[in-house]
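Since the structure comes first, as structure tokens, the remarks are kept for the end.
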Amino acid sequence: MIDVERLLILREVARHGSKAAAARALQLSEPTVAHHLRALERRAGVPLTFRAGRVTRLTATGEALVAHADAIAASLEDAERALHHHSELRVGTLRIAAFTSFCATVLPRPLAQFARTYPGIEIGLEETETDPALALLREGSADLVIGFSDAATPPPLDMPTTPLGRDEYLAILPETHPLASRPAVDMAALADERWISGCIRCRTHLVAAAGEAGFEPHIAFVTEDYIAAQRLIAEGLGVALLTRMALDASPAIPGIVAVPTRAATYRDIFVALPASPAPAARAFAELLVTGL
């Protein structure tokens with residue numbers, strides 16, 4: 001394959017009429033320019049230049065190669081401009097994967113701010129839970145993930161993460177429950193209840209919290225719909241652990257109460273990026289960290 005750098009050096013010799021002038025334009029030494037031209041001629045198998053007095057001119061083969069060099073130079077200039085546009089966030093894409101309650105409560109405002117600031121960036125959002133979102137990031141189908149972790153489900157170790165805050169788990173009980181009026185409730189006091197659980201990480205947290213309290217929860221209902229979970233609780237069909245963010249993400253449901261647990265448990269919200277994030281993803285992550 002022809003060396004592109006040497007082809008562009010031949011182009012400069014043709015433009016300036018001598019190796020010395022080409023060397024000055026390229027900020028190279030004249031011997032370096034001569035070396036690259038000799039190597040290019042060896043690759044071509046025929047002479048590419050000849051002397052005409054003090055001027056260096058091209059052979060027919062050299063002129064044919066320079067025609068291609070002009071096209072390559074134009075393409076490289078276009079690539080350089082595109083690179084600058086992407087680095088300056090004038091163009092590009094931002095594909096976000098984030099969990100449901102964050103999408104419903106926190107995400108819209110910074111996302112709108114980013115869209116106003118960088119109108120040339122095409123934004124996409126996939127609402128999905130943390131583990132599928134991280135899978136999308138690993139396979140390159142997402143540029144940035146907003147997820148959550150806790151002691152039972154730690155954050156990923158194979159990519160950079162930055163904390164965004166904490167979200168407390170609360171016991172959600174029917175308002176007629178004997179413990180509904182307590183300022184806080186021990187998990188052990190709910191050992192005999194039927195439980196309603198959601199996503200895999202939420203379910204893992206529930207099992208871990210119950211295990212700390214000395215029991216294994218009887219999970220009777222599984223739904224990732226926060227409203228459905230609360231309505232099941234309002235009908236007296238079970239209890240649940242939901243976070244404050246999940247409650248904020250849904251309208252107030254009559255017939256239920258949210259009671260802090262003793263001791264309190266939390267999930268930690270994070271933003272995850274690949275090892276080499278796109279400029280738009282890096283900028284949005286910084287906005288989340290500084291703006292929340």
Side-chain angles (χ1 to χ4, degrees), residues 92-115 121-170 172 195-208 219 221-232 240-251 265-278 280-289 291-292:
T93 59
L94 174 61
R95 301 165 299 171
I96 300 169
F99 64 94
T100 303
S101 56
F102 193 93
C103 289
T105 56
V106 180
L107 185 60
R109 180 171 294 179
L111 201 57
Q113 179 182 342
F114 186 87
I121 301 296
E122 182 180 348
I123 300 172
L125 170 65
E126 180 162 346
E127 177 192 310
T128 186
E129 293 306 321
T130 298
D131 293 301
L134 291 172
L136 291 174
L137 191 62
R138 291 186 180 100
E139 69 185 32
S141 299
D143 302 309
L144 177 148
V145 161
I146 301 158
F148 65 87
S149 63
D150 55 38
T153 52
L157 300 177
D158 60 336
M159 61 187 68
T161 61
T162 304
L164 296 179
R166 306 187 84 190
D167 191 17
E168 184 180 6
Y169 282 96
L170 303 170
I172 313 301
W195 286 86
I196 301 163
S197 186
C199 72
I200 292 174
R201 288 192 169 225
C202 298
R203 193 153 61 249
T204 302
H205 174 82
L206 169 60
V207 171
I219 299 175
F221 302 93
V222 175
T223 175
E224 295 185 16
D225 186 324
Y226 300 129
I227 297 175
Q230 292 171 75
R231 291 196 181 280
L232 290 169
L241 285 182
L242 295 179
T243 66
R244 292 188 184 276
M245 187 176 287
L247 295 175
D248 291 342
S250 56
T265 59
Y266 301 86
R267 64 179 178 179
D268 296 303
I269 301 169
F270 63 82
V271 57
L273 295 168
S276 300
R282 185 185 296 109
F284 189 65
E286 291 173 357
L287 175 61
L288 289 173
V289 172
L292 294 183

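Numbering of residues begins at 1 and proceeds along the displayed sequence.
The pair Asp150-Arg267 does not count as a salt bridge, with every side-chain nitrogen at least 4.0 angstrom from each carboxylate oxygen.
Pro251 has its side chain within reach of Ile227: a pair of non-hydrogen atoms, C-beta onward, lies under 4.5 Å apart. Annotation: side chain of Asp167 is not in contact with side chain of Phe148 (no heavy-atom distance under 4.5 Å). Using a 4.5 Å heavy-atom cutoff, the side chains of Glu286 and Arg282 are in contact. Side-chain contact between Pro156 and Arg138 is present, with at least one heavy-atom pair separated by less than 4.5 Å.
Heavy-atom neighbours of Ile200 CD1 from other residues, nucleotides or ligands within 6.0 Å: at or below the threshold of 12. When the shell of 6.0 Å around CD of Glu168 is examined, it contains more than 12 heavy atoms from other residues, nucleotides or ligands. With a 6.0 Å radius and a threshold of 12 heavy atoms from other residues, nucleotides or ligands, Arg231 has its CZ atom at or below the threshold.
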Step by step, work out the side chain to side chain contact (heavy atoms under 4.5 Å, CB included) result for Val106 and Leu164. CA-CA 11 Å; Val106 180; Leu164 296 179; over 6 Å; no
Go through Trp195 and Leu206 one step at a time and tell me if the side chain to side chain contact (heavy atoms under 4.5 Å, CB included) criterion holds. CA-CA 9 Å; Trp195 286 86; Leu206 169 60; 3.6 Å; yes
Would you sort out whether Arg201 and Asp131 count as a side chain to side chain contact (heavy atoms under 4.5 Å, CB included), showing the intermediate values? CA-CA 8 Å; Arg201 288 192 169 225; Asp131 293 301; 3.1 Å; yes
Tell me, with the steps shown, if Leu137 and Met159 meet side chain to side chain contact (heavy atoms under 4.5 Å, CB included). CA-CA 9 Å; Leu137 191 62; Met159 61 187 68; 3.2 Å; yes
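Of all the heavy atoms in Pro274 and Pro277, the pair that sits closest is O-CD, 3.4 Å. Contact between Leu144 and Ala281 at its shortest, heavy atoms only, is CD1-O, 3.4 Å. In plain terms, the two heavy atoms of Ala98 and Leu107 that are nearest each other are CB-CD2, 4.4 Å. Closest of all the heavy-atom pairs between Ala272 and Thr161 is CB-CG2, 3.9 Å. The two atoms that bring Gly198 and Val222 nearest to each other are O-CG1, 3.8 Å, heavy atoms only.
Taking the six-membered ring where the residue is Trp, His205 and Tyr169 present parallel rings, their angle staying beneath 30° rather than reaching 60°.
Looking at Arg166, its side chain never comes within 3.5 Å of a backbone N or O of Asp268 through a donor-acceptor pair. Here the side chain of Thr153 pairs no donor or acceptor atom with the backbone of Ser149 at under 3.5 angstrom. A donor-acceptor pair is defined here as one N or O able to donate and one able to accept, closer than 3.5 Å; such a pair exists between the side chain of Gln230 and the backbone of Tyr226.
We find the CG-OG1 distance between Leu136 and Thr128 to be 6.5 Å, quoted to the nearest 0.5 Å. We find the SG-CG distance between Cys103 and Leu111 to be 9.0 Å, quoted to the nearest 0.5 Å. Distance CZ/Phe114 to CG/Leu94: 5.0 Å, rounded to 0.5 Å. Between Phe102 atom CZ and Thr130 atom OG1 the span is 11.0 Å, to the nearest 0.5 Å. With values rounded to the nearest 0.5 angstrom, Thr223 atom OG1 is found 9.0 Å from Ile196 atom CD1. Here the CD1 atom belonging to Ile96 is positioned 4.0 Å from the CZ atom belonging to Phe284, to the nearest 0.5 angstrom.
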